[in-house]
Amino acid sequence: MQPISSLSDGRRRFRIPYEAELNTSQLEAVTTTEGPLLVIAGAGSGKTRTLTYRVARLVEMGVSPAQILLLTFTRKAAQQMLQRASSLLDSRCEKVAGGTFHSFANTMLRRYASQLELDPGFSILDRVDAEALINLLRKEIAARVGQRSFPRKGTIAAIFSRSINKIIPLEDVVYDDYPHLIDSVEALNDIFLAYRKHKRQHNFLDFDDLLVFLRQLLTTRPDVRQRISSAYQYVMVDEYQDTNKIQADILYRLVGEHRNIMVVGDDSQSIYAFRGANFKNIMQFPQAFPGTRIITLEENYRSVQPILDLTNVMIEQAREKYSKKLFTRRPGLAKPVLVEASDENSQSLFVVDRIKQLQRQGVALDQIAVLFRASFHSFDLEIELNREEIPFIKVGGFKFVESAHIKDVLAHLRVIANCEDRISWYRILLLIEKIGPSSAQKIYEAVRRQACGYTGLLTVDTKIVRAPGIKRLQELFAGIDAQPLSLAATGQAVVKYYLPILKDTYDDHPKRAKDLEQLVAIMERYRDLDHFLTDMALEPPNTSIGDTLAVDAAGQQRLVLSTVHSAKGLEWHSVFIIWALDGRFPSPHALYKEAEIEEELRLMYVAATRARENLTFIYPDGVYDRSLGVLLNRPSRFIDMIPESILQKQTAGYWE
DNA sequence: TCACGGAATATTTTT
DNA sequence: TATTCCGTGA
């Protein structure tokens with residue numbers, strides 16, 4: 001490559017003063033641009049900074065931005081890094097290819113679809129869609145096999161996904177993780193085959209397929225692989241500890257031509273094993289790429305010493321990890337605190353009270369976060385925050401695009417985009433009175449026979465079923481077909497059609513109607529339908545304000561409530577970790593499996609390392625867990641035995 | 001064939 | 001505590 005010669009010229013001048021703005025290790029990572037590079041980056045050690053500067057450095061060296069690929073965990077993370085790189089250097093950095101593995105796969109597959117005999121107009125199935133399809137096939141096959149009881153659709157989908165992502169046979173997944181379903185292995189295999197076939201026939205790809213097909217493309221088509229590989233001369237991967245085996249495979253093939261690959265991660269922060277991620281990827285990287293240079297970032301710039309003292313002790317409990325010891329030069333006064341509350345509500349009141357106190361001390365509301373293991377853990381707190389009129393935004397957990405009313409509207413748009421989308425046809429037809437599964441099937445088949453896209457519905461003889469309601473749907477489609485509408489106008493038309501159904505179906509329809517307005521607002525930003533639908537599947541909005549979809553978090557300063565998973569990579573001045581109760585965090589599901597307990601520990605570690613100045617754990621004492629049949633009354637085992645010299649204990653009371 | 005109501009059941013985290 | 005499943009009656 002041409003840049004190499006200019007790089008070896010030590011006198012080359014750069015606009016950005018890298019030496020002054022980065023520490024030794026960071027600088028080494030930024031300036032090592034050729035060959036395989038593994039960066040083990042402890043929490044708060046400037047991982048994002050390093051990646052950002054490295055992008056700028058490559059661009060400054062004269063590498064074309066389009067030849068740089070930055071794979072991150074969310075698209076937002078990629079965008080932010082590229083924006084920062086742009087403000088360091090110039091707008092060229094915005095042209096760097098960035099996104100998630102899934103979005104990258106989506107782009108490549110649409111471009112090279114023909115090589116895999118795939119229709120480039122494929123629809124992406126999200127989890128709900130995939131489960132709906134599995135349910136359809138489940139019923140057919142369960143009837144044939146004649147089994148009485150059968151796992152639920154969600155369980156089946158989870159088994160399939162696990163088998164794919166970990167690249168292990170389906171029966172092994174059942175033996176290891178679902179031993180009570182051993183009798184159903186054969187039927188599950190049948191459903192799996194039927195599922196795969198159906199996806200093929202109807203132009204569906206689920207999340208896992210995106211990765212699987214991309215790997216297949218790179219494996220079976222050496223010419224394509226070479227083209228893609230040479231198109232992206234420099235590849236960087238963030239959060240490498242949370243990639244799975246397929247992703248590692250993809251990467252291996254992707255950079256085969258030049259081996260200019262940098263991965264960044266922290267094995268101690270691997271928290272996506274449930275999704276097939278394997279933190280061993282990061283351990284095995286040097287074997288996959290002989291000659292790998294390894295750089296460790298150990299200086300923490302985020303947290304004050306007392307917080308680091310705690311998190312270092314905490315992660316000591318992990319059995320398997322790269323050894324590293326984080327240090328900081330930021331002294332601090334306040335020790336992290338563990339608070340015992342008498343019950344859930346007193347936990348909420350304590351947190352609210354403390355937040356008001358912090359505000360009085362001048363801490364901005366958006367510099368405070370409340371973190372929790374599971375989304376529902378914050379319900380009671382949300383009520384109290386509303387009562388006190390403290391504005392907050394909630395991140396993670398409940399997903400709007402998976403809620404029924406949003407799904408309903410999207411389904412109408414999806415049949416317009418891909419008329420083979422049987423799942424969406426069924427969904428919209430079943431909304432109409434007097435139409436059940438069998439009528440839906442008849443209509444769907446009739447539409448398909450017309451072979452003219454969604455407008456096939458207009459010419460179908462709807463007398464095949466007795467359902468007058470179908471006429472309204474025909475009118476809707478006729479109207480959309482008649483004139484070229486903007487995407488948002490199309491969405492508006494669908495919403496107008498759907499509102500009466502919404503009112504009949506849900507008591508809380510006003511709130512849901514607001515969500516639909518927000519959905520239309522999102523559509524305004526898009527020009528084409530396919531692009532919009534793809535984004536809704538791959539990067540659905542996951543923030544909410546007061547139970548409704550929040551499009552722009554801009555404006556008012558807000559407290560952040562977040563699941564720990566969604567807090568990855570972020571930081572705040574003050575952090576509260578609620579429900580730090582043994583049996584809630586770690587989650588009750590993880591209690592009997594050592595590997596899962598380890599993951600819960602890492603999750604707690606991720607949560608605690610988000611804090612810059614203040615860290616507070618709080619738990620309600622004496623909560624009865626029905627499924628376990630025990631009274632939960634100990635703090636999380638991950639912090640229970642930490643001495644008072646590191647973690648200060650106190651009890652919550654109104655007088656606080 | 002559809003709609004509805006009572007019973008069973010699994011229950012987190014997300015691309 | 002929802003959600004999903006399944007049987008019954010129209």
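To find a chain, count down the sequence lines: A is the first, B the second, and so on, and within it residues start at 1.
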> Nucleotide by nucleotide, 5' to 3', does protein get under 4.0 Å of the base (B), only the sugar-phosphate (S), or neither (-) in nucleotides 1-8 of chain B, counting heavy atoms?
Replying inline: SSS-----

>> Can you tell whether the side chains of A/Glu131 and A/Arg152 come within less than 4.0 Å, N to carboxylate O?
In response: no

>> Less than 4.0 angstrom from a charged side-chain N to a carboxylate O is my criterion; do A/Arg448 and A/Glu445 meet it?
In response: no

> Looking only at N and O atoms, is any donor in the side chain of A/Arg127 or the base of B/dT15 less than 3.5 Å from an acceptor on the other one?
Replying inline: no

Tell me the interatomic distance from [X], atom [atom1], to [N], atom [atom2], rounded to whole angstroms.
X	N	atom1	atom2	result
A/Gln247	B/dT15	CD	C1'	8 Å
A/Glu402	B/dT13	CD	P	10 Å
A/His102	B/dT15	NE2	P	9 Å
A/Asp208	B/dT14	CG	C1'	12 Å
A/Lys394	B/dT14	NZ	P	10 Å
A/Glu131	C/dT3	CD	P	13 Å
A/Asn278	B/dT15	CG	P	20 Å
A/His565	B/dT12	NE2	C1'	8 Å

> When we call it a touch if two heavy atoms are under 4.0 Å apart, what does A/Tyr272 touch: a base, just sugar-phosphate, or nothing?
Replying inline: sugar-phosphate

>> Quick check, does A/Phe274 stack with B/dT13? I mean ring centres under 5.5 Å and planes off by under 30°.
In response: yes

>> Looking only at the side chain of A/Ser375 (C-beta and beyond, no hydrogens), which of the listed nucleotides B/dT15, B/dT13, C/dC5 gets closest?
In response: B/dT13

>> Looking only at the side chain of A/Phe376 (C-beta and beyond, no hydrogens), which of the listed nucleotides B/dT14, C/dC5, B/dT12 gets closest?
In response: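 Per side-chain heavy atoms of A/Phe376, the pick is B/dT12.
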
>> For B/dT13 and A/Ser587 - does any side-chain N or O of the residue sit under 4.0 Å from the phosphate oxygens OP1/OP2?
In response: no

> Would one find a side-chain N or O of A/Thr563 under 4.0 angstrom from OP1 or OP2 of B/dT14?
Replying inline: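 Yes, A/Thr563 has a side-chain N/O under 4.0 Å of OP1/OP2 on B/dT14.
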
Going by atom types only, do [X] and [Y] share a side-chain donor-acceptor pair under 3.5 Å?
X	Y	answer
A/Asn244	A/Asn281	no
A/Ser562	A/Lys394	no
A/Glu384	A/Asn345	yes

>> Quick check on DNA chain B: between A/Leu211 and A/Ala374, whose nearest nucleotide comes earlier from the 5' end?
In response: A/Ala374

>> Between A/Ala590 and A/Ala537, which residue's closest nucleotide on DNA chain B lies nearer the 5′ terminus?
In response: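 Nearest nucleotide further toward 5': that of A/Ala590.
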
> Is there a donor-acceptor contact under 3.5 Å from the side chain of A/His509 to the main chain of A/Tyr506?
Replying inline: yes

>> So, using side-chain hydrogen bond (donor to acceptor under 3.5 Å, both in side chains) as the criterion, who are the partners of A/Lys199 when residues are at least two apart?
In response: A/Asp206, A/Asp209

>> Do A/Arg110 and A/Phe122 form a cation-pi contact, if we require the NZ or CZ to be under 6.0 Å from the six-membered ring centre and within 45 degrees of the ring's axis?
In response: yes

> Taking atom P in both C/dC6 and B/dT11, what distance in whole Å separates the two?
Replying inline: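 Between the two P atoms, the distance is 16 Å.
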
